[in-house]
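Please read the structure below before turning to the comments.
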Protein chains: 2
Amino acid sequence: MRIPIDNAAAIGKIVRASRKAQKIRQDDAAGSIGVSENFLGKIERGSESVQWGKLFQVLEGLGVQVIVDVPENVAAYLNESASNKDKP
Amino acid sequence: MRIPIDNAAAIGKIVRASRKAQKIRQDDAAGSIGVSENFLGKIERGSESVQWGKLFQVLEGLGVQVIVDVPENVAAYLNESASNKDKP
DNA sequence: AATAAATCCTCGCGTTTATGAGGATTTTGC
DNA sequence: GCAAAATCCTCATAAACGCGAGGATTTATT
C-alpha cells in the first residue's frame, strides 16, 4: 500500500500505524530498533527536527519502504558521471 | 519515475540529480529553497544527520515526491481512532 | 594548458538535538 | 468507574547541528 507524504509531519502517522499493526509498544519498538522511547514518540507525534538517518532507521525497522517519485528527465543525471551519454 | 531508497544516504543522489536536471547551481537552489549552500551540499553528499524537516523542504523545493510503501494491514491503523471499526 | 566556475571542506559560533530518568496524563482492560 | 498500562511531557547534560565565511579541490570552458 503506497501512501504519498504531503508534509514532513505526516510520516509520524505512518510510523505509529506501522508499529500498532505489529502490536508492539513504543518502548519495545524503540529498544529493538535502537533508539530511545522518547525519540520514537517524537517521530510519531510528527516532529520535523529529527535526524533523517535515525528516522530512516526507524522506518526500516518497522518495515516501511521509502520511495521517491521524480520527473523522467532526472534519470539521465543519476549514476553521476558514469558515461553520461544522454545528457542534453 | 519511482525510485526506492535503500539507505539513508541514497537520497543525496536523488537530490543532486533533480537539481542538475533543472540546471541550477547548489548556490541558487539552496537560496531559493531557503537553506544554506553548505547544507544542501551536505544532503547531496549523503549526510544522514540532517534534519528531516529541512530535507523534506529541499525535496519539495526540487519537486521530488516522497511515497512510503507499507503492508496492507497498516491501513486499519491510520486515521487514529476515527471510528476504527476494522481493527482485529 | 590556462582560466573561470562550481563544488567541497574546514573552522568557530550559537543553538538544538537525543538520551535517560522521572513524573503527569491519557488510554486500555476489567 | 477503577486500576493498570501505555504514552506523553519536563528537566538536565553531553553531543551535534546549521550557518557563514574563507580557502582548497574539482570540473568546465576557451
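Protein chains get the first letters and strands the later ones, always in sequence-line order, with residue 1 at the start of each.
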Phosphate contact ([N] OP1 or OP2) by [X] side-chain N/O below 4.0 Å:
{"X": "A/S49", "N": "C/dT16", "result": "no"}
{"X": "B/R16", "N": "C/dC8", "result": "yes"}
{"X": "A/R45", "N": "C/dT26", "result": "no"}

>> Rounded at 0.5 Å granularity, tell me how far CD in B/Q65 sits from CD1 in A/I67.
In response: 11.0 Å

> Looking at CG of A/L40 and CG of A/D28, how far apart are the two atoms once the value is rounded to the nearest 0.5 Å?
Replying inline: 10.5 Å

Can you measure [X] atom [atom1] to [N] atom [atom2] for me and round it to whole angstrom units?
{"X": "A/R19", "N": "C/dT27", "atom1": "CZ", "atom2": "P", "value": "14 Å"}
{"X": "A/W52", "N": "D/dC17", "atom1": "CH2", "atom2": "P", "value": "16 Å"}
{"X": "A/D27", "N": "D/dT7", "atom1": "CG", "atom2": "P", "value": "8 Å"}
{"X": "B/Q57", "N": "D/dG18", "atom1": "CD", "atom2": "P", "value": "12 Å"}
{"X": "A/K23", "N": "D/dA5", "atom1": "NZ", "atom2": "C1'", "value": "16 Å"}
{"X": "B/K42", "N": "C/dC9", "atom1": "NZ", "atom2": "P", "value": "11 Å"}
{"X": "A/R25", "N": "D/dA5", "atom1": "CZ", "atom2": "P", "value": "9 Å"}
{"X": "A/L40", "N": "C/dT19", "atom1": "CG", "atom2": "P", "value": "10 Å"}

> Ignoring hydrogens and geometry, is there a side-chain-to-backbone donor-acceptor pair from B/R45 to B/G12 under 3.5 Å?
Replying inline: no

> Counting distance only, does the side-chain N/O of B/Q22 pair as donor-acceptor with the main-chain N or O of B/L62 below 3.5 Å?
Replying inline: yes

>> Looking at the base of C/dG20, is there any donor atom on it, or on the side chain of A/N38, that sits under 3.5 Å from an acceptor on the other one?
In response: yes

> Which part of the nucleic acid, if any, lies within reach of A/E37 when heavy atoms closer than 4.0 Å are counted: base, sugar-phosphate only, or nothing?
Replying inline: base

>> Looking at every heavy atom in both B/A17 and A/V74, which two are closest together, and how far apart are they?
In response: CB-CG1, 3.6 Å

>> Closest-nucleotide mapping onto DNA chain C: is A/K54 or B/G41 further toward the 5' terminus? I mean the 5' end.
In response: B/G41

> Given that B/Q51 and B/Q26 both sit by DNA chain C, which one's nearest nucleotide is further toward the 5' end?
Replying inline: B/Q26

